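Every chain is numbered from 1, with letters handed out A, B, ... down the list of sequences. These figures come from a predicted structure and were not determined experimentally.
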Amino acid sequence: MKRNHLADEMNDAMAGQEVILNGWVHQLRDLGGVIFALLRDHSGMMQVVFNETISAESRKLADELRFEYCIAVRGIVALRPAGQENLEMKTGKLELKVNKLEILNPCDVLPISVSQDGGERKELRMKYRYLELRRPEISNKIIMRHQLLIFIRNFLSERGFCEIETPLLAKSTPEGARDFLVPSRVQPGYFYALPQSPQQFKQLLMVAGFPKYFQIARCLRDEDLRADRQLEHTQLDMEMSFVDRDDVLGLIETLYSAIWKEFLDYDVSTPLPRIPYKKAIEQYGIDKPDLRFGMKIINLGEIFADTGIKFLKSVLDKGGNILALRFAEQPLSRSEIDAVEEFAKEQGAFGLAHFINDNGKLKSPMAKHMSEDETSKILDMLKPGDIMFVLAHEGKAGYEIMGQTRIMLAKKYDLIDKSKYALLWVTDFPLVQWSDAESKVVSEHHPFTMPIESEWNEFLERNNGEPNPDDKSVFELSSQAYDLVINGQEMGSGSIRINRPDLQRQIFKLLGLTDDQIDSQFGHILDAFSFGAPPHGGAAMGIDRTLIQITGDEAITDVIPFPKTLKGVDPMMDSPSPVSNEQLKELHIKLDLPE
RNA sequence: GGGCGCGUGGUCUAGCGGUUUAGGAUGCCGGCCUGUCACGCCGGAGGUCGAGGGUUCAAAUCCCUUCGCGCCCGCCA
């Protein structure tokens, strides 16, 4: 019995018509003489009725029905008796009087509930993900993912972008995340790397003369997982030639405001705010500020420039900062204030002082050591009842402690306007940063990022034309890189790229690569740049993260059809798994397992 | 690699040294019920309390180790 209608198509006008529906038993109510079931298909639900006055045979077979049996029913669409309508249901005024039932496939006792959220543990839900996906609330996210991808493809295609696939079997390079390796059978001892992103391929497409490229690309990185990080994730990868930074930012913010309008009916005003990296750190203590609430970091350096308070003075003398957060939402108890200090200490602070405007009088552990001038200036900044948390700390770490404290306070005291979406760009990222793990200078974004050229040229001049990583001013250099941030989450990043082989080689040298390493690992791209490579730039946007912003979920596993656990295991397929000795032998691999 | 939390019949959960033969809900099995919609009522089966070790007269409960899951730090251009 093949279906000729879907549950969702049933309407009053069809009363009296005979139809066949296929689907699953979503709910069962056995009243003895009559059995009601909710039949669910991908479109919706329909109540079906088994009654011996309609069909004794079907009524008898219906005794066997249980949750999630896969069935086919044929029957007459009918209006429910007066007073029996279910107004909560789209088809609630109707029912199907079944004259033939066929059980297509029975269903074992369910390990997780399908008809509702049974609150099962994550590991179980992952193992039986295909059952969880039967729930419309869950599958709708996967359908929305499809709709988002279609929307993006149409948007970019209409604007002259060409979707181009790039290889999955690519090459391992020394920069960046840990690679997933794939052994070559034909070339013993050689490995492909799965792409961390199509970065080099897309730049080579620019060299090839494609003006606008995009790809919905899977990116793989063998690093530890988080709620917003899987081993593989999907990026909207894009690149354009003959453009400057504003062209790229303009296109992406137009796309994102269109997505927000389409999927959330939310008006994002463009152009988006653009905050230089340095300012983001100084004002929010983080490179991905959440602008749904205020409470910017305040620098009290000037007020305390000549202070007599020793620990403040000594931090200032060492070039540190005195930073503050003004908390004006509600008075806090002594223990609540202590909890804030405790949090700051966990973030690395030595301590966290505070000022309170106690009806025009300054209340603070430091009050009696402060000058009149200092006291009045602080009081001027506080309304009665306001609390100001104060941190004296050196370097970027001080801003970061305050940034984390700012976020903690906002979450704990509900300062975040959940109806708001705060989209912004953070621009002018540092070109490089220091890696403690590798004890060397590494790219902040990636090694193909164009520096801000005036700064770069001055840096070279200072170092006699050599890209000297030991010149500490290297950390002051900015790049033409940018991040899109939404509600405090990094949504994607991009940059204007280097397109000259000489500059690219200098950057590699700055990162500590020798000429030999550069030639063997990046020779292809330097070659390519030497054949008239056009200026170009682009970005890559996280599709999974974009989706959880739209759905309001907290983990990207919610919008991935078959996600993996935090240990990188797929409990459903039970991967990764051992392979046979024959397979290993074919690949010329011998195992050297830890104890 | 480090920190925090969780793990009890199919599933969710109570119990957190002895009142327990581990309680409840739901699902499952059997019975009753012709207008339910989380249908209802009656009865029943189902547990090595994640695993291993220890403390104790006595351990689901306390301690140690270990495994799994989640969240965070490190890590992730």
Side-chain angles (χ1 to χ4, degrees), chain A residues 26-38 45-54 59 63 66-68 78 80-89 91-93 95 97 107-128 131 173-179 195-197 199-200 219-231 233 346-348 400 404 408 429-433 435-438 441-449 479 481 483 490 493-495 497 507 511 540 542 554-555 557 563-569 571:
Chain A
H26 189 75
Q27 199 59 258
L28 266 175
R29 290 177 286 276
D30 182 352
L31 275 64
V34 63
I35 293 176
F36 296 98
L38 276 184
M45 313 255 197
M46 175 72 174
Q47 174 163 284
V48 296
V49 191
F50 303 95
N51 192 325
E52 54 204 7
T53 63
I54 308 166
R59 167 61 192 81
D63 275 336
R66 295 294 178 271
F67 288 148
E68 295 303 311
R80 297 189 190 182
Q84 297 300 325
E85 299 88 353
N86 182 346
L87 300 176
E88 312 265 291
M89 256 180 87
T91 60
K93 285 159 113 179
E95 62 191 10
K97 294 183 174 300
C107 176
D108 287 346
V109 175
L110 292 164
I112 66 168
S113 170
V114 172
S115 59
Q116 63 194 344
D117 181 351
E120 292 88 358
R121 263 188 280 285
K122 194 95 187 176
E123 49 211 285
L124 255 196
R125 296 201 283 138
M126 273 196 194
K127 180 164 183 186
Y128 297 100
L131 291 179
T173 54
E175 294 294 307
R178 191 176 297 113
D179 285 317
Q196 296 175 24
S197 83
Q199 183 62 35
Q200 294 192 52
C219 302
L220 299 107
R221 295 168 193 180
D222 187 6
E223 296 291 348
D224 288 349
L225 284 68
R226 286 282 193 289
D228 61 355
R229 272 167 24 197
Q230 284 269 298
L231 296 179
H233 75 285
E346 282 166 20
Q347 302 298 315
E400 289 171 339
Q404 292 304 318
M408 182 278 287
F429 273 78
L431 184 66
V432 296
Q433 58 184 330
S435 164
D436 280 331
E438 297 173 62
V441 168
V442 298
S443 292
E444 168 86 23
H445 184 51
H446 59 53
F448 311 106
T449 305
S479 73
D483 277 8
E490 182 190 331
S493 58
S495 60
R497 326 296 186 186
I507 295 289
L511 300 175
E554 296 195 341
T557 49
K564 290 185 174 58
T565 70
L566 289 182
K567 285 249 173 83
V569 166

### Base C75(B) paired with R229(A) side chain (donor-acceptor, <3.5 Å)
yes
| said: Could you check whether the side chain of R125(A) and the base of C69(B) have a donor-acceptor pair of N or O atoms closer than 3.5 Å, going by distance alone? | reply: no
Q. Say you pick atom P in U55(B) and the same atom in U48(B); how far apart are they, in whole Å?
A. 25 Å
Protein-nucleotides 1-5 of chain B N/O pairs closer than 3.5 Å?
none

Between Q47(A) and U36(B), does any side-chain N or O lie under 4.0 Å from OP1 or OP2? no
Worksheet item: Using atom C1' of each nucleotide, how far apart are U21(B) and G68(B) to the nearest Å?
Response: 31 Å
R29(A) side-chain N/O to U36(B) phosphate OP1/OP2 under 4.0 Å
no
CG (N86(A)) and CZ (R80(A)) are apart, to the nearest 0.5 Å, by 5.5 Å
Here the distance between atom P of A38(B) and atom CE of M89(A), to the nearest Å, is 11 Å
Pairs under 3.5 Å (N/O, protein and nucleotides 29-32 of chain B):
unit_1 : atom_1 : unit_2 : atom_2 : d
C29(B) : OP1    : R66(A) : NE     : 3.2
C29(B) : OP2    : R66(A) : NE     : 2.9

A correct 5'-to-3' footprint of nucleotides 6-12 of chain B, with B, S and - meaning base, sugar-phosphate only and no protein heavy atom under 4.0 Å, is -SS-SSS
Across every strand shown, the nucleotide meeting Watson-Crick or G-U wobble geometry with U36(B) (both distances under 3.5 Å) is none
